[in-house]
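Here's the structure we're looking at; comments come further down.
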Amino acid sequence: MTPEQIKLVQESFSKVAPISEQAAVIFYDRLFEVAPTVRAMFPNDMTEQRKKLMTTLAVVVNGLSNLEAVLPAASALAKRHVNYGAKPEHYPVVGGALLRTLEKGLGEAWTPDVAAAWIAAYGTLSGYMISEAYGRAQAAE
């Protein structure tokens, strides 16, 4: 990721943060719409899960300027997700739901440059998380 992409991700996320509860609802609604089989991995009451999502996103987004500081937590998160039933093929689906959520939440502020920055950020982190949880060969696929 370039410094400009990091800045775009951080600035755009700061616009979504005030509507974090609504954004989390949009995210999970979209995720369960496109991948209904993953619904079973989550609790019936999604209140805490939605808060965890937005808190984790905030930590990661704020840590992009110092990625090395975020990587240990990302590694631990990836390994925990294996226990929940997450598979490497879920990562692109989650990424798509995240991008759609950001597009809806940002409206006109969702520009091609912002989209490219988020794609780069998600690709970087999801690739790392897949390699940590499943090995380097899985991340390359």
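Heavy atoms only: backbone and side chains are in, while hydrogens, waters and symmetry mates are out.
- Rounding to the nearest 0.5 angstrom, the gap separating the CG atom in L106 from the CD atom in E11 is 11.5 Å.
- No donor-acceptor pair under 3.5 Å is formed between the side chain of Q5 and the backbone N or O of W118.
- A donor-acceptor contact closer than 3.5 angstrom links the side chains of T47 and D45.
- Looking only at side-chain heavy atoms (C-beta outward), S65 and Q10 come within less than 4.5 Å of each other.
- Note that CG of L64 and CG of L8 are 11.5 Å apart. Values are rounded to the nearest 0.5 Å.
- Two residues are said to be in side-chain contact when any heavy atoms from C-beta on lie closer than 4.5 Å; F27 and V94 meet this criterion.
- R50 CZ to Q22 CD: the interatomic distance, rounded to the nearest 0.5 Å, is 11.5 Å.
- Rounded to the nearest 0.5 angstrom, I119 CD1 and S126 OG are separated by 11.5 Å.
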Please step through ring-ring contact (aromatic ring centres under 6.0 Å, His included) for the pair Y122 and Y91, ending with a clear verdict.
CA-CA 9 Å; Y122 188 79; Y91 281 79; 7.2 Å; no
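- Taking every heavy atom of both residues into account, S75 and Y128 meet most closely at CB-OH, 3.8 Å.
- You'll find the side chain of L125 reaches within 4.5 Å of the side chain of L67, heavy atoms only.
- Note on I26: it does not cluster hydrophobically with L53, by side-chain heavy-atom contacts below 4.5 Å among ILVMFWY residues.
- Separating the OG1 atom in T56 from the CD atom in Q49 is a distance of 8.5 Å, to the nearest 0.5 Å.
- Within 6.0 Å of CD in E21 there are 12 or fewer heavy atoms belonging to other residues, nucleotides or ligands.
- M41 places a side-chain heavy atom less than 4.5 Å from the side chain of H90.
- Contact check for L99 versus W110: side-chain heavy atoms found under the 4.5 Å cut-off.
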Going through the checks in order, is the side-chain contact (heavy atoms from CB on, under 4.5 Å) test met by L98 and L57?
CA-CA 10 Å; L98 176 63; L57 273 173; 4.0 Å; yes
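- Between Y28 and F42, the distance from one ring center to the other falls under 6.0 angstrom.
- For the pair E33/R39, no side-chain contact is recorded, criterion being any heavy-atom separation below 4.5 Å from C-beta on.
- Hydrophobic clustering (ILVMFWY, side-chain heavy atoms < 4.5 Å, transitive): V82 and L77 are in one cluster.
- Contact annotation: the side chain of M129 never approaches that of E132 to less than 4.5 Å [non-hydrogen atoms, C-beta and beyond].
- At a threshold of 4.5 Å between non-hydrogen side-chain atoms, the residues M1 and V9 count as touching.
- Rounding to the nearest 0.5 Å gives a distance of 9.5 Å between CZ of R80 and CG of N83.
- The two residues A78 and A133 have their closest heavy-atom pair at O-CB, 3.7 Å.
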